[in-house]
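This report concerns only the one structure given below.
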Amino acid sequence: MTTTTPSRGRRRAPSRIDRARGRAAALQKPRVILALLLLLGLTSVMLLDGYLRAEVGGDQRVRDGASSSKVPDEIINGGPIISFRGGRATTTSVPSKTIALTFDDGPNPTYTPQVLEILEKYDVPATFFVVGSMVSRYPGIVKDMVDQGNEVGIHTFTHVDLSYQSDTRIRREMTQTQLALAGAAGITTTLFRAPYSSETDAIDNYSWPVYKKLGEEGYTSVFVDTDSDDWKKPGVSKIVKWATPSGTSGAAVLMHDAGGDREQTIEALPEYIEKMRAKGYTFTTVSGVVAAQNAAAGAGQQANAPAGAAGGQLQGGARTGTDRLQAAHREAAGATLYEGKALVMAVAVAEYTVPTLSAGLVVVGVAVMGRFGMMLILARRHYRQRNRRRFSWGPTVTRPVTVIVPAYNEKECIANTLESLARSTHPIEVIVVDDGSSDGTSQIARAAAERLGMTNVRVVRQENAGKPAALNHGVRSASHDIVVMMDGDTVFEPDTVRQLVQPFADPEVGAVAGNAKVGNRNTVIGAWQHIEYVMGFNLDRRMYDLLRCMPTIPGAIGAFRREAVLQVGGMSEDTLAEDTDITIAMHRAGRRVVYQEHARAWTEAPGSLKQLWSQRYRWSYGTMQALWKHRKSLTDKGPSGRFGRVGMPLVVIFQILTPVFAPLIDVFTAYSMIFIDFRAALCAWLAVLGIQLVCAAYAFRLDKERYRYLLMMPLQQLAYRQMMYLVLIHSCITALTGGRLRWQKLKRTGEVGTPAGAGR
């Protein structure tokens, strides 16, 4: 055993790069927060959209048959307009031969503009009781409604029966609708009509307190005398008939401009207006009815007043026709106006964002399903091709190879690593490169080599310079033309090296990727990573192998022609994913990179979520760095161009873009389960999970793994996968903001022993 120990010298002072990396590390927390804020923003947009569509917090319960013993008889038998002047409830009836035409449930982008067009044509004013969520979605229609001289009233924000709701919910329904009106038309209103209400005789002991409370706050509650029942779609003639009051009675008439198919209402409205005018009726708004009654009452008082008194009273109360018809409107100002405009703007963002996200969901879904299909087809082809009895890479490779083990503070693992190499069935030289460890790694390695009688081990120390530098040191010191690279926490099976180097019988092969396995799979996190390694990484490598565009040789197990490594300049320190960097460099140098499934290595996966985040963050960011570094391969010719035009797009689509947008699937699934159709959304989610289980089961079959770990897959989809999405989003933000990331050493336990002890 040869030991080389260069002088360590004086500890070097932090360089400018070290200081820059330190500053960059300090920026990682804000970037994590930014990633979480983006996810929170998306969730908020979805919740807002659901609330606007009355799918969040919607309550379709309606009381029927409740007692009205607490409701005054004069209210039950009174007119359709109830106000509370001076704290006392009074009713107002519609004068003879007068129609207060009212519409509920709008605005609707299809039917409300048609209603407004008909009303304008016949010069008929109406009162629209609008739903706040619809107002915020279609503010322009409400502004046209008001500008045309019509009156608006509140029909709640989400069309709920307020008799079921708490005082807080009632206040929220009213306030939000007022804000929507302020943002849409710059007004608020004092008119209110409760959803599911009809005539005053339907007021019961549950709804009466609601009307009293709103009356005390200045609202006028409006009911109906005549209901067209147009929502039943009985036909145009019946709508006209049912909306016509008996004799010459005046009436508050109910129609609908939203809430369903209103084609019959649109057809019936002109016919109804013409019929009522032919009978001598006039049309007005709710405020017009109140003004007419007040005028009649005032005229009666003036008839009994002293001469000259009438002139003085009339002079102060004169109003124009438009003001009289819209007397319930109040000009919005101050905070109400600005909050209303902010609400309308937020809704506009949601209205454009959700359809865009929906389109993105379709694209992502197609890409994900396409990837699954392609992986299954190509993985099966790869397995059958490589496991044929007559398959051979060429003459058996028997010459010795060099195994390079970079190690930094690996005291827990290095002995197990060397013990596994001592059992190798292939002749090897082992070079342990201690990268400035401070925990006695080199001493432990020497002691283990002596204990195992390994005379083929060299332990080399260098000042801490990083893993790429340690690997390059090993490559320069190697005695053989094939070098195997592994991590200091990895253990090999006895036959691993022999299997790994056989593809070098083909002179085109410049590098070989092995089959990395999770050794510490006895924990929940370990089991999740085990599924990911078998299903994701190894199925991907089979696919990329056949397409001749393998993007990454795992750092835990890979083999290279030494001259090929030196030809591309060795392991680069330009990126944090030196394994991806060197693999792409091999492609660009015209070397073929293959996957050897039978060469297995057991590695210790991160044991905590914090360590897992650090590792995957570095992997994701390093992969982006490597792709950017080799972006010119897109225009290269030959093998380099093949990777650039085949491998790079696949990596970008399947390892960056698709995972970044994949949370859309989960967000929309949760949205659908909570707000739309739980059963249908659950079935869709289970269907996707079933497809993933099929892919995973097939991957486990190819790798001869036990299926029991697949029981963890549903939980993995709910928890682990979301974390991986956040890690990738975090990496993208770091890349887009020009941040830099330093290498982060993971804490090891040494629990992955020899392959025999690792177990499956």
Side-chain angles (χ1 to χ4, degrees), residues 62-63 66 68 71-85 88-106 124-130 150-156 161-163 189-216 218-231 239 241-257 272 276 281-297 324-329:
V62 181
R63 293 193 190 277
S68 59
V71 185
D73 290 340
E74 59 268 25
I75 297 299
I76 292 179
N77 300 317
I81 304 171
I82 302 178
S83 57
F84 291 78
R85 295 190 184 93
R88 181 175 176 273
T90 59
T91 64
T92 301
S93 299
V94 181
S96 176
K97 286 199 172 185
T98 302
I99 296 293
L101 189 58
T102 66
F103 293 88
D104 281 7
D105 297 347
V124 170
T127 303
F128 290 82
F129 290 93
V130 293
N150 299 290
E151 193 170 41
V152 295
I154 291 177
H155 202 45
T156 74
D161 186 345
L162 294 184
S163 65
T189 182
T190 60
L191 296 183
F192 166 71
R193 173 176 283 166
Y196 313 109
S197 64
S198 56
E199 299 178 14
T200 54
D201 60 6
I203 301 175
D204 57 33
N205 294 341
Y206 294 99
S207 58
W208 177 239
V210 176
Y211 297 125
K212 286 178 62 178
K213 180 175 179 58
L214 293 177
E216 292 170 359
Y219 285 99
T220 297
S221 295
V222 182
F223 294 83
V224 301
D225 291 308
T226 305
D227 191 344
S228 69
D229 280 337
D230 57 343
W231 60 273
I239 291 175
K241 178 182 178 181
W242 292 344
T244 303
S246 60
T248 60
S249 300
V253 178
L254 172 61
M255 291 186 176
H256 295 82
D257 62 321
Y272 176 72
M276 300 313 296
Y281 276 79
T282 59
F283 291 86
T284 187
T285 62
V286 170
S287 289
V289 170
V290 174
Q293 187 193 56
N294 291 340
R324 179 175 59 83
L325 297 180
Q326 295 180 322
H329 294 176

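What you are looking at is a predicted structure, and each value in this text was computed from that prediction instead of being measured.
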Side chain proximity check, [X] to [Y], heavy atoms < 4.5 angstrom:
{"X": "N150", "Y": "F103", "result": "no"}
{"X": "M276", "Y": "P245", "result": "yes"}
{"X": "T91", "Y": "I75", "result": "yes"}
{"X": "T285", "Y": "Q326", "result": "no"}
{"X": "I82", "Y": "Y211", "result": "no"}
{"X": "W208", "Y": "V210", "result": "no"}
{"X": "F223", "Y": "L254", "result": "no"}
{"X": "T220", "Y": "V290", "result": "no"}

So how far is it from [X] [atom1] to [Y] [atom2], rounded to the nearest 0.5 Å?
{"X": "S198", "Y": "D229", "atom1": "OG", "atom2": "CG", "result": "10.0 Å"}
{"X": "S197", "Y": "D104", "atom1": "OG", "atom2": "CG", "result": "7.0 Å"}
{"X": "L214", "Y": "T190", "atom1": "CG", "atom2": "OG1", "result": "12.0 Å"}
{"X": "Y196", "Y": "S207", "atom1": "OH", "atom2": "OG", "result": "14.5 Å"}

What are the two closest non-hydrogen atoms of [X] and [Y], and how far apart are they?
{"X": "G79", "Y": "S93", "answer": "CA-OG, 3.4 Å"}
{"X": "F192", "Y": "T156", "answer": "CE1-CG2, 4.2 Å"}
{"X": "A328", "Y": "S287", "answer": "N-OG, 3.2 Å"}
{"X": "T90", "Y": "R85", "answer": "OG1-NH1, 3.9 Å"}
{"X": "T98", "Y": "Y281", "answer": "N-CD2, 3.4 Å"}

Practice item. Carefully, step by step, assess T284 and L325 under the rule side chain to side chain contact (heavy atoms under 4.5 Å, CB included). Key: CA-CA 7 Å; T284 187; L325 297 180; 3.2 Å; yes

Counting N and O atoms only, with roles assigned by atom type, does the side chain of [X] sit under 3.5 Å from a partner on the main chain of [Y], one being a donor and the other an acceptor?
{"X": "S96", "Y": "T248", "value": "yes"}
{"X": "T226", "Y": "A251", "value": "no"}
{"X": "D230", "Y": "M255", "value": "no"}
{"X": "T189", "Y": "L191", "value": "yes"}
{"X": "Y206", "Y": "L162", "value": "no"}
{"X": "D201", "Y": "I76", "value": "no"}
{"X": "H329", "Y": "V152", "value": "yes"}
{"X": "Q293", "Y": "T92", "value": "no"}

Practice item. Could you please spell out the steps behind the side chain to side chain contact (heavy atoms under 4.5 Å, CB included) verdict for F84 and K212? Key: CA-CA 8 Å; F84 291 78; K212 286 178 62 178; 3.9 Å; yes

Point to revise | D105 vs H155, side chain to side chain contact (heavy atoms under 4.5 Å, CB included): CA-CA, chis, key distance, verdict | key: CA-CA 7 Å; D105 297 347; H155 202 45; 3.1 Å; yes

Practice item. May I have the step-by-step check of side chain to side chain contact (heavy atoms under 4.5 Å, CB included) for I99 and Y272, ending in yes or no? Key: CA-CA 11 Å; I99 296 293; Y272 176 72; 3.6 Å; yes

